[in-house]
Structures are given as C-alpha cells and as structure tokens.
> 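One structure is given below, represented as structure tokens, and several questions about it will come after.
Hydrogens, waters and symmetry mates are skipped; everything else that's a heavy atom, side chains included, is used. The residues of the chain are indexed from 1 along the displayed sequence. Atoms within a ligand are numbered from 1 in the order they appear, just like the ligands themselves.
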Amino acid sequence: MESLCIVRASPCVSSSSSLSSKTSSLSCAPSCRVILNPIKKHHNLAAFQPAFHLFASTQSGPHGSKRNHTARIFLPHLVASMEEVEETYIMIKPDGVQRGLVGEIISRFEKKGFKLTGLKLFQCPKELAEEHYKDLQSKSFFPKLIDYITSGPVVCMAWEGIGVVASARKLIGATNPLNAEPGTIRGDLAVQTGRNVVHGSDSPENGKREIALWFKEGELSSWTPAQQPWLTE
Ligand code: IDP
Ligand code: MG
C-alpha cells in the first residue's frame, strides 16, 4: 500500500546513502517512505533552501521497488520556516563603543544563534540619526537623542534568523535599563534610558527599513554558517 509521510526531518531519518549522495531518504514505517529531493549536503535546512526543496516525492512498491511515477507533495511546514526568517538592525550606541562593550554585545547575539550579515563601525551623520528616529521627532528628548547618537562611532549590525526581531528585543531588554531584567544587555550593562547602549528594530518591517537606511549595497553578506544544522532542524 502506498502511503504518504510528511515529516519534520530529524526523528526518523534513515539514509540509504550518505548525505552528500544524490538522493537521501526518510523512512518512518515499512509502509511509508518519503524521498526528499536532494539539494546540498544539509538537506534539512528548510529555511535556506531553494523553493523546490519544499516538495517531496513519494515512491513505494510491494518490496520497496520503485514505480515509474513520482508524486510531488507540498511540505507546508517548510514554508512556515521560511516565513519566520527575519532581519533586524542592531546598533551599539556611542556609549557602548566608548565603554568597550562591543565584543560583549556582539557575543550575546552570536551565542543565541543568530546570523550576522552586516557589521561596521560608523560615525553617524545628524541627518541619518534624525531619519532613523523620525518617529520620536516630537519628543522633548529628541535633540539630546540626536546629540547622543552622533557623539561618537556606533557599531551597525544586521542580524538574520527565525524570530530574530522579537528575540533581539528580549536580549536587549526594556528601554529604561533600570526596568530591564538581569540577563538582558541593558539590564546587565546600563543604568539610564539616555545611555542604554544598544538599539534593536521593533518590527520586521522596521528591521528591513533600518538595514536599508544604515547599509549600502554590497555591505551585507549572504552566507550559511557551518553551525546551521545544529541550530535549526
Ligand atoms: P527602544 O530603543 O527601546 O526601542 P524607543 O522608545 O524607541 O526605545 O526610544 C529610542 C531611544 O530614545 C531609546 O533607546 C533611548 O536612547 C531614547 N529615549 C527614549 N525615551 C527617552 C527618554 O525619556 N529620555 C531620554 N532618552 C530617551
Ligand atoms: Mg525603538
């Protein structure tokens, strides 16, 4: 009997040949067999594969014999994984740079497992600071905020990952460092709202907007970290 198995890859993987071979198979039960189209060595990296990886072909016969036809099956959970990959703009503010916290702050995002796609030390011009914080233009602290952000170099970063926008905000902590939980960057490393060491985008849309604002074409890298198979299934 022919049956269909839509699986998340890891629990029931058995491969009739090595991952680097042309075809890898997933078997869940004797009567149920899914053949994944091979892409590259790490075929389970759903979020980073070309679209045709979202389909599996079934093949089954009485004794595992192959039939001439293969059915193409859509794997919706792989689409969900792709949709969750976001980008966020993280910036170490001038106080973070002056206080020697650059390595400490970068390492928190690295250790969490996000992917760094852009990084530079940069002296921010006033116009850019005003554009970045344009939503706060009417606030009384706006002029002081612009002076603060332009008072010395900042470290501009683009990070990518599943749910990275909200997760980065959690890692950063509340705007007022005295309200930020211990364990967060602001909770551990800062005491005042006006010197809260780091910025993080507040929505996926703003993540894209801010990355486009702070980085020029050619300054971002698209790459696949070697640790990816150990971070996402
Ligand atoms: P966020 O950085 O946590 O997203 P926002 O409300 O977007 O917080 O404010 C942007 C930045 O403006 C803050 O990180 C902080 O540097 C500054 N800021 C916000 N509120 C105040 C304030 O009441 N006094 C001084 N600076 C402020
Ligand atoms: Mg904000």
> For atom 16 (O) of ligand 1, state which one of H132, K139, K93 supplies the nearest heavy atom.
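Selected option, by shortest heavy-atom distance: K93.
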> Decide whether the shortest distance between a heavy atom of R169 and an atom of ligand 1 is less than 4.0 Å.
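For ligand 1, residue contact (heavy atoms, under 4.0 Å) with R169 is present.
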> Is the ring pair W214/Y89 parallel, tilted or perpendicular, if the boundaries are 30 and 60 degrees?
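Answer is parallel, since the angle falls under 30°.
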> Among I146, N176, D135, L136, which one puts a heavy atom closest to atom 5 (P) of ligand 1?
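Considering heavy atoms of I146, N176, D135, L136, the nearest to atom 5 (P) of ligand 1 sits in L136.
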> Side-chain heavy atoms nearer than 4.5 Å, only ILVMFWY residues, links allowed to pass through others: does that put Y133 and M157 together?
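No, because Y133 and M157 fall into different hydrophobic clusters, even though each may have its own neighbours under 4.5 Å.
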> Near Y133, which atoms of ligand 1 are under 4.0 Å from a heavy atom of that residue?
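Here the atoms of ligand 1 in question are 10 (C).
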> What is the nearest protein non-hydrogen atom to atom 26 (N) of ligand 1, stated with its residue, atom name and distance?
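Checking every protein heavy atom, the shortest distance to atom 26 (N) of ligand 1 gives F141 CD1, 3.7 Å.
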> How does T193 reach ligand 1, if at all, at less than 4.0 Å between non-hydrogen atoms: by side chain, backbone, both, or neither?
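It is both parts that get close, each with some atom under 4.0 Å.
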> Below 4.0 Å from ligand 1: does a non-hydrogen atom of L145 turn up there or not?
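Contact present.
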> Quick one: look up the protein heavy atom nearest atom 3 (O) of ligand 1 and list residue, atom name and how far away it is.
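The answer is T175 OG1, 2.5 Å.
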> Are F114 and W159, when compared by the centres of their aromatic rings, separated by less than 6.0 Å?
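Ring-ring flag for F114/W159: false, centres at least 6.0 Å apart.
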> Among K115, K208, R209, whose salt bridge (Lys or Arg N to Asp or Glu O under 4.0 Å) with E87 holds?
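Among the candidates, only K208 passes.
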> Judged by modelled atom types alone, do E160 and T117 share a side-chain donor-acceptor pair under 3.5 Å?
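Per modelled atom types, E160 and T117 side chains form no pair under 3.5 Å.
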> Please verify whether a non-hydrogen atom of R186 lies at under 4.0 Å from ligand 1.
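Yes; R186 lies near enough to ligand 1 that a heavy-atom distance drops under 4.0 Å.
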> Within the structure, does N196 bring an N/O atom to less than 3.5 angstrom of an N/O atom in ligand 1?
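So ligand 1 has an N or O lying under 3.5 Å from an N or O of N196.
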> Please table the atom pairs, donor to acceptor, closer than 3.5 Å between any side-chain atom in residues 173-184 and protein atoms at least two apart or in another chain.
| from | atom 1 | to | atom 2 | distance (Å) |
| --- | --- | --- | --- | --- |
| N176 | OD1 | L178 | N | 2.9 |
| T184 | OG1 | E181 | O | 2.6 |
| T184 | OG1 | G187 | N | 2.9 |

> With K120 as the cation and F215 as the aromatic partner, state whether NZ or CZ is under 6.0 Å from the six-membered ring centre and within 45° of the axis.
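The answer is yes, since K120 meets both limits relative to F215.
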